[in-house]
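To start, the structure itself, in structure tokens.
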There are 2 protein chains.
Amino acid sequence: MNKPHPLATGDKTQGTSKKTAIETVQEQIRERVISGALGPGERLHVDKLRLEFGVSTSTMREAISRLLIDDLVTSEQQRGFRVAPLTLKDFRDITDARKMIEAEALRVSLANRTEDWEADLVAAYHRLSRIEERLIGEGKPEFAPDWDEWNSNFHDCLVQNCDNAWLKRFRRTLHQHSYRYHRRLIDDRSLPRDVRVEHKAIFDTAIAGDIAACVAAIEAHIEKSYTDLTQQHDLSD
Amino acid sequence: MNKPHPLATGDKTQGTSKKTAIETVQEQIRERVISGALGPGERLHVDKLRLEFGVSTSTMREAISRLLIDDLVTSEQQRGFRVAPLTLKDFRDITDARKMIEAEALRVSLANRTEDWEADLVAAYHRLSRIEERLIGEGKPEFAPDWDEWNSNFHDCLVQNCDNAWLKRFRRTLHQHSYRYHRRLIDDRSLPRDVRVEHKAIFDTAIAGDIAACVAAIEAHIEKSYTDLTQQHDLSD
DNA sequence: ATGGAAAAAATAATCGTTTTTTATTTGACC
DNA sequence: GGTCAAATAAAAAACGATTATTTTTTCCAT
């Protein structure tokens, strides 16, 4: 594995897989929801959006419908779709669920370690820490164009050997939602957190094969992310 | 509090249920997938189905699309929809994930116990055990029209006080899939299992407030369900 | 003014058809 | 007889229009 999925935002002409219109639209709406361009609780006007994207009603509806899959959008009968709301309680619940599921996925993954995986992990960690070192001077290691991507990649790599598809699926969903909170809550008032030490702890214990310590490090990492982000913020608007 | 509305599939608006065509079709397809009327791996022909249900293409597509939510259906670009396959490995994974998630939901729920909940649980257990006693003579306590319903109800009741919506959602998804395996694997060769003692253990420990014992009982219950069903069967066809 | 029924506007749901893509068959050529 | 490619058939995806429902506005009676 080399590069973690370059977010193909291109025309359909180039590229190996010609995406279907539904998939293309689905991805773009997802991006808007996660980035906050479509705010929590906001209504999804099928007709407006369909004109904007230049697709038909049914294509638009099906694209939106598929976002119900990961709960990024909700639907209420006869009154359309709505972006899932953001609440502190929900973020708390996500954090708890993540701690449990990510921990278990990690346990399984570490138990199934292979040489290839170890090499992948070393590479992933290397890239991530390079970026973090570069960014640390700017005081915002957690907010950069490709940090997200490589941070995700590192964490994905950790659980890569977990062969339980359900755990991985739940983990992915939760991570996605978590990231939406992240995007929403991080701002100039946020304390710049140095995640390097946390990532190092996770990496070292993983390589050392100390499952218990690695699980503890991940759980602390997830919890700390919640605490830091919710410290001086609220979600009342 | 009287009847905890059996088989309420997460619907928030009971009563004035003027269901939309999409929802109606969605539920019927779901039922067919779970019951096995639509077999694992089978293709979902939009045109055939739409004629059968008397709806349009887009309605049918959207209904099927929404089953992607709980992974009962898969979609492959440009080649339509397909019923999710059934494999032994998948059942094993579901069982593992269920044990973890159900256990955690139970822990939270028991920690949040209320008097109302206790009354509900007593009632739910009572109804279930009555049915089981009636059925035990027939040698197949696990296979009866309303046993499923009240068994579900009992288990739902146990985790009712868990206020983590994510855990409950994951639990519901897994339970649904687990039930599909159940429907598929149970047959005349299955040993008639006496689940009464297991349910009694769960109930007693729950009422007694012995969280650790109750969690252990649930985990054993889930595991036993897997073991019994997979004993003399295979999923090769 | 004000509450509420009736009319109008907006938006969601559904429809049946057309276009695009994939699967299958046919038939010339080696 | 076997291979490959064009022709055909089948099915999926996308379309834009129609119908049903909900929300907003209007306007009359209290």
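What's counted below: heavy atoms across the whole structure, side chains too, no hydrogens, waters or symmetry copies. A, B, ... follow the sequence lines: proteins, then strands. Residue 1 opens every chain.
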Output the rounded distance in Å from [atom1] ([X]) to [atom2] ([N]).
X: A:L51; N: C:dA10; atom1: CG; atom2: C1'; answer: 14 Å
X: A:I22; N: D:dA12; atom1: CD1; atom2: P; answer: 13 Å
X: A:F53; N: D:dC15; atom1: CZ; atom2: P; answer: 13 Å
X: B:D47; N: D:dA10; atom1: CG; atom2: C1'; answer: 10 Å
X: A:Q26; N: D:dA14; atom1: CD; atom2: P; answer: 11 Å
X: B:M60; N: C:dT17; atom1: CE; atom2: P; answer: 18 Å
X: B:Q77; N: D:dA11; atom1: CD; atom2: P; answer: 20 Å
X: A:L49; N: C:dA12; atom1: CG; atom2: P; answer: 10 Å

Applying the side-chain contact (heavy atoms from CB on, under 4.5 Å) criterion to A:V159, which one of A:R172, A:R107, A:E104, A:R171 satisfies it?
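The side-chain contact (heavy atoms from CB on, under 4.5 Å) with A:V159 is passed solely by A:R171 among A:R172, A:R107, A:E104, A:R171.
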
At less than 4.0 Å, is any side-chain N or O atom of [X] found next to OP1 or OP2 of [N]? Yes or no.
X: A:T59; N: D:dC15; result: yes
X: A:S56; N: D:dC15; result: yes
X: A:K48; N: C:dT11; result: yes

Can you find a side-chain donor-acceptor pair between B:D156 and B:H175 that sits under 3.5 Å?
no

Residues B:S178 and B:R98: side-chain donor-acceptor under 3.5 angstrom:
yes

Would you mind telling me which of [options] lies closest to the side-chain atoms of [X]?
X: A:R79; options: C:dT22, C:dT14, D:dT22; answer: D:dT22
X: B:T57; options: D:dC15, C:dT22, C:dG16; answer: C:dG16
X: A:R61; options: C:dA12, D:dA14, D:dA17; answer: C:dA12
X: B:H45; options: D:dA14, D:dA12, D:dT23; answer: D:dA12
X: A:R43; options: D:dA12, C:dT14, C:dT11; answer: C:dT11
X: B:A21; options: C:dT14, D:dT22, C:dT11; answer: C:dT14

Quick one: label B:T20 by what it contacts on the DNA or RNA (base, sugar-phosphate, nothing), any heavy atom closer than 4.0 Å.
sugar-phosphate

If you measure from the Lys or Arg side-chain nitrogens to the Asp or Glu carboxylate oxygens, is any gap between A:R32 and A:E52 under 4.0 Å?
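Yes, this pair counts.
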
Taking NZ, NE, NH1 and NH2 as the nitrogens, is one of them in A:R180 or A:E31 under 4.0 Å from a carboxylate oxygen of the other?
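Result for this pair is no, no salt bridge flagged.
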
